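Counting starts at 1 for both ligands and their atoms, following the listed order. The model shown is predicted, which means the values in this text are computed figures rather than measured ones.
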Amino acid sequence: MVDIKQLFQTCFEQKRNTLTEYESKLVLQQIGIPVTKQELVDANEAAVLAAAKKIGYPVVAKLMVEDISHKSDVGAVKLNLKGDDDLKKALKELLAIKTSSTSPKVSVQEMAAPPITEVIIGMTTDPQFGPALMFGIGGILVELMKDVSFRIAPVSRFDCEEMIREIKGFPLLDGFRGKKKANIQKIVDAIMVVSKFVLDFPEVQEMDLNPVFAYENAILAVDARIVLRTHA
Ligand code: ADP
Ligand code: MG
């Protein structure tokens with residue numbers, strides 16, 4: 001269990017306002033949003049192999065350094081590693097990535113099963129209205145089509161259902177072309193949790209759960225980023 005106040009305090013003391021994916025997922029786990037199993041270890045062979053043993057193959061290995069937040073842009077996400085050899089090769093590639101960090105870490109995670117659809121749940125702070133919650137379909141659709149919906153926090157379950165149903169990509173969650181239907185209530189639960197969290201912690205400026213894997217009976221956050229307000 002992580003002490004959220006303490007974690008934020010540590011970030012402020014280190015003069016950084018973006019939590020790593022690993023830290024952001026610790027927070028999500030604490031507030032009740034399902035995240036992938038994860039182990040944070042030093043970027044060396046013995047440590048990552050031990051972490052993978054704990055998690056169980058196949059695993060994902062991601063470079064966790066404070067100066068890289070769009071990880072796949074620089075090759076810092078290695079998916080579907082099936083055994084020690086795959087992981088060793090991935091580690092070499094992760095270590096070749098340019099970073100200003102002097103003590104790079106690796107997050108070894110479970111490889112999540114393919115979802116029905118990837119979704120995005122987020123929060124941005126509106127200068128006038130304060131925290132605004134965001135929902136969208138993940139992947140190319142959200143980037144290309146800006147297919148997202150917003151509501152000012154706090155939201156009701158009804159608001160969350162509307163947010164989900166009003167996006168153009170909703171059929172992707174609703175059994176499009178014979179696919180299974182995603183569990184909308186679990187997505188509603190997660191938006192409700194984020195809504196309460198951002199009101200309880202006004203130091204949070206922005207957050208992104210991108211993507212969240214939506215399944216028939218569950219959701220799972222596979223990437224997350226929390227950004228704190230910078231102190232005046
Ligand atoms: P980025 O920082 O570039 O957004 P992500 O952590 O989101 O990196 O990883 C990129 C993509 O890899 C995700 O959108 C998702 O499709 C896939 N992915 C990431 N982590 C996992 C995981 N643990 N299991 C399965 N797929 C994953
Ligand atoms: Mg991502």
Engineer: Within less than 2.8 Å of the Mg ion (ligand 2), any N, O or S from S72?
Structural biologist: no
Engineer: Under 3.5 Å, side-chain donor or acceptor atoms of residues 89-97 against the rest of the protein: list the pairs with distances, not counting sequence neighbours.
Structural biologist:
unit_1	atom_1	unit_2	atom_2	d
K89	NZ	E93	OE2	3.4
E93	OE1	K78	NZ	3.0

Engineer: If you check every N/O/S atom of D223, which is the one nearest the Mg ion (ligand 2)?
Structural biologist: OD2
Engineer: Does one hydrophobic cluster hold both I68 and I226, with members joined at side-chain heavy-atom distances below 4.5 Å?
Structural biologist: no
Engineer: Examine the side chains of T230 and N17 and answer whether a donor and an acceptor come within less than 3.5 Å of each other.
Structural biologist: no
Engineer: May I ask you to check whether F201 and F197 place their ring centers less than 6.0 Å from one another?
Structural biologist: yes
Engineer: Taking atom types as modelled, find out whether Y57 and D84 have a side-chain donor-acceptor pair closer than 3.5 angstrom.
Structural biologist: yes
Engineer: Taking non-hydrogen atoms within less than 4.0 Å of ligand 1, which protein residues qualify?
Structural biologist: E21, T36, V60, K62, S69, H70, K71, S72, V77, L79, Q109, E110, M111, A112, E118, N210, P211, F213, V222, D223
Engineer: If you compare all heavy atoms of E216 against all heavy atoms of N183, which two are closest, and at what distance to 0.1 Å?
Structural biologist: O-CB, 3.2 Å
Engineer: Assess D208: does it contribute an N, O or S atom lying under 2.8 Å from the Mg ion (ligand 2)?
Structural biologist: no
Engineer: Do Q9 and Q14 get their side chains close enough for a donor-acceptor pair, meaning under 3.5 Å?
Structural biologist: no
